[in-house]
Number of protein chains: 2
Amino acid sequence: MTLDNLLKTLHTAKCRMTSQRRTIIDVLLANENTLLSADHLLKLCQQKNPDINTTTVYRNLELLDALKLMYTVNIDRNTMGYKLVCHDYHHHHMICLICGKMEAIEYCPISPDLIDQATARGFSITNHNLELYGYCHTCHTDLL
Amino acid sequence: MTLDNLLKTLHTAKCRMTSQRRTIIDVLLANENTLLSADHLLKLCQQKNPDINTTTVYRNLELLDALKLMYTVNIDRNTMGYKLVCHDYHHHHMICLICGKMEAIEYCPISPDLIDQATARGFSITNHNLELYGYCHTCHTDLL
DNA sequence: CTATAAATGCAAATGACTGGCAATAAGGAG
DNA sequence: CTCCTTATTGCCAGTCATTTGCATTTATAG
Ligand SMILES: [Mn+2]
Ligand SMILES: [Mn+2]
Ligand SMILES: [Zn+2]
Ligand SMILES: [Zn+2]
């Protein structure tokens, strides 16, 4: 996701650019490969701009989500993780259990065969999710 | 998951059998292929035994989870889904988006190759998740 | 039967997130 | 540049699933 792309989409949607929104976008771009909780995002934003509010963060995440610019997934039992979408084609990710770093896997191992098996058992499959979990290089090294 | 198995595990863990716990277990067994929300489970339990409390349901789910007897996953943004584990070997599921019905897929498409790719990119993978989503036969028919 | 520890019920707390509303400010029209 | 419309923000209170504290009840080993 590029800044230009973001700005263009926002402009098309008649959204205005505020200092708060700009900060949020900058932080999201600087962490485009990491799943952030709303709270973590807020803290990162506040380092650049103390004038930023929890509600504003949530509302901007909601906006970006509505514009299909966000990838959101549960981090744990009760917290969502947010990051900007990376590609517009179907793909999967590997995710670091410690720092939330996500790397795209440009490959989908779901075969038509598997879908057929499901169909044969009465399920009509519409989508799927697949994530590999583990430790990124940095966090793995830190563990030792 | 069999009743015997459950009772044995609970006994080994020095847990006691109360009428509430027994109701919860019975309902979970009767719905062993369906993801239930805590609230849905509560309502089903109350049909058999009005003397049952939200907190008790949560505490029993927590207990069964600690004993590795539960499969828990987010149903949506803010609700967990619970069901008893089915098999003790690695497998995946297809899940009905409407009723929560889950069917096991005795097959894992994650190749050593994919893990190797991840390793080559600095990730050490420890686990993964994969679910196929769609509509079960019953719900698909109802949609038409 | 009794002692002990587990389990329950209730009410209050938590914590992520949302919604109402008045105040602020972006940015296009003129 | 100025003005006007309307998006955006901040504050604060509300929501909702889930958790916790604590007094009370109950299961079960011995
Ligand atoms: Mn795929
Ligand atoms: Mn697998
Ligand atoms: Zn990491
Ligand atoms: Zn269904």
Side-chain angles (χ1 to χ4, degrees), chain A residues 6-28 35-46 48-67 69-70 72-83 100, chain B residues 6-28 35-46 48-67 69-70 72-83 100:
Chain A
L6 274 167
L7 297 183
K8 193 159 46 172
T9 306
L10 287 169
H11 191 261
T12 308
K14 299 195 205 314
C15 300
R16 296 173 185 175
M17 186 52 58
T18 63
S19 74
Q20 294 92 330
R21 175 163 296 161
R22 188 53 205 258
T23 304
I24 291 166
I25 287 173
D26 286 346
V27 172
L28 285 174
L35 261 192
L36 298 175
S37 66
D39 192 59
H40 190 185
L41 175 60
L42 173 69
K43 290 198 168 60
L44 291 174
C45 288
Q46 286 176 331
K48 300 195 152 204
N49 180 353
D51 288 344
I52 208 156
N53 180 280
T54 308
T55 310
T56 303
V57 166
Y58 278 109
R59 279 199 275 237
N60 274 280
L61 288 173
E62 184 188 26
L63 172 71
L64 293 171
D65 192 57
L67 295 174
L69 296 172
M70 293 297 293
T72 66
V73 67
N74 277 95
I75 284 183
D76 64 43
R77 250 185 147 60
N78 58 336
T79 314
M80 292 296 284
Y82 305 88
K83 78 183 266 300
Chain B
L6 274 167
L7 297 183
K8 193 160 46 172
T9 306
L10 287 170
H11 191 260
T12 307
K14 299 197 203 311
C15 300
R16 297 173 183 175
M17 185 52 59
T18 64
S19 75
Q20 293 93 330
R21 176 162 296 160
R22 188 52 205 260
T23 303
I24 291 167
I25 287 174
D26 285 345
V27 172
L28 285 173
L35 261 190
L36 298 175
S37 68
D39 192 58
H40 190 184
L41 175 59
L42 173 69
K43 291 199 169 58
L44 292 174
C45 288
Q46 286 176 331
K48 300 196 151 204
N49 179 354
D51 288 344
I52 208 156
N53 180 279
T54 308
T55 311
T56 303
V57 166
Y58 277 110
R59 280 199 275 236
N60 275 279
L61 288 173
E62 185 188 25
L63 172 71
L64 294 171
D65 192 55
L67 296 174
L69 296 172
M70 292 296 293
T72 65
V73 66
N74 278 94
I75 285 182
D76 63 46
R77 240 182 154 64
N78 57 339
T79 314
M80 293 295 284
Y82 305 87
K83 78 182 266 301

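Throughout, protein chains are lettered first and strands after them, A, B, ... in sequence-line order, and every chain is numbered starting at 1.
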Exercise for the section: Starting from C1' on C/dC17, measure out to CG on A/Asp65 and report it in whole angstrom. Expected result: 14 Å

Problem - Under 4.0 angstrom between B/Asn60 side-chain N/O and C/dA7 OP1 or OP2 - result: no

Fill in the blank from the handout: Checking C/dG27, C/dA7, D/dT9 against the side chain of B/Thr18 (C-beta onward), the nearest is C/dA7

Handout entry: Expected output: side-chain A/Asn60 to main-chain A/Thr56 donor-acceptor under 3.5 Å
Key = yes

Problem - B/Thr79 side chain reached by B/Asp39 side chain, heavy atoms, under 4.5 Å - result: no

Practice task
Report which part of the nucleic acid B/Asp39 touches: base, sugar-phosphate, or nothing (heavy-atom distance under 4.0 Å, all strands).
Solution key: nothing

Problem - Atom-to-atom span, CG of B/Asn53 to P of D/dT24 - whole angstrom - result: 17 Å

Handout entry: A/Leu61 side chain near A/Met80 side chain, heavy-atom distance below 4.5 Å
Key = no

Practice task
Check whether any side-chain nitrogen or oxygen of A/His11 sits under 4.0 Å from OP1 or OP2 of C/dG28, and answer yes or no.
Solution key: yes

Exercise for the section: Would you kindly give the CG-to-C1' distance between A/Asn78 and C/dA13, to the nearest whole Å? Expected result: 14 Å

Problem - Spacing of A/Ile52 atom CD1 relative to D/dC11 atom C1', expressed in whole Å - result: 15 Å

Exercise for the section: Please state how far atom CG in A/Leu7 lies from atom P in C/dA26, giving the value in whole angstrom units. Expected result: 16 Å

Practice task
Could you tell me whether the phosphate oxygens of D/dA17, OP1 or OP2, come under 4.0 Å of any side-chain nitrogen or oxygen in B/Tyr82?
Solution key: no

Practice task
Could you tell me whether the phosphate oxygens of D/dT26, OP1 or OP2, come under 4.0 Å of any side-chain nitrogen or oxygen in B/Gln20?
Solution key: no

Problem - Nearest-angstrom distance from the residue atom CG of B/Asp76 to P of D/dT15 - result: 19 Å

Fill in the blank from the handout: CG of B/Asn74 to CG of A/Asn74, rounded to nearest 0.5 Å, is 3.5 Å

Practice task
Among C/dC17, D/dA29, D/dT8, find the nucleotide with the atom closest to the side chain of A/Arg21.
Solution key: D/dT8

Handout entry: B/Tyr58 side-chain proximity, nearest of D/dT9, C/dA16, D/dT18
Key = D/dT18

Exercise for the section: Starting from C1' on D/dC16, measure out to CZ on A/Arg77 and report it in whole angstrom. Expected result: 15 Å

Can you check nucleotides 19-22 of chain C for protein contacts, nitrogen or oxygen pairs under 3.5 Å, and list what you find?
none

Practice task
May I ask you to test the B/Asp51-B/Thr23 pair for a side-chain heavy-atom distance under 4.5 Å?
Solution key: no

Exercise for the section: Starting from P on D/dT9, measure out to CG on A/Leu61 and report it in whole angstrom. Expected result: 11 Å

Exercise for the section: Kindly compute the distance separating SG (B/Cys15) from CG (B/Leu7), expressed to the nearest 0.5 Å. Expected result: 11.0 Å

Handout entry: Nearest-0.5 Å distance, NZ of residue B/Lys48 to OG of residue B/Ser19
Key = 12.5 Å

Fill in the blank from the handout: Picking from C/dT8, D/dT5, D/dT9, the nucleotide nearest the side-chain atoms of A/Arg16 would be D/dT5

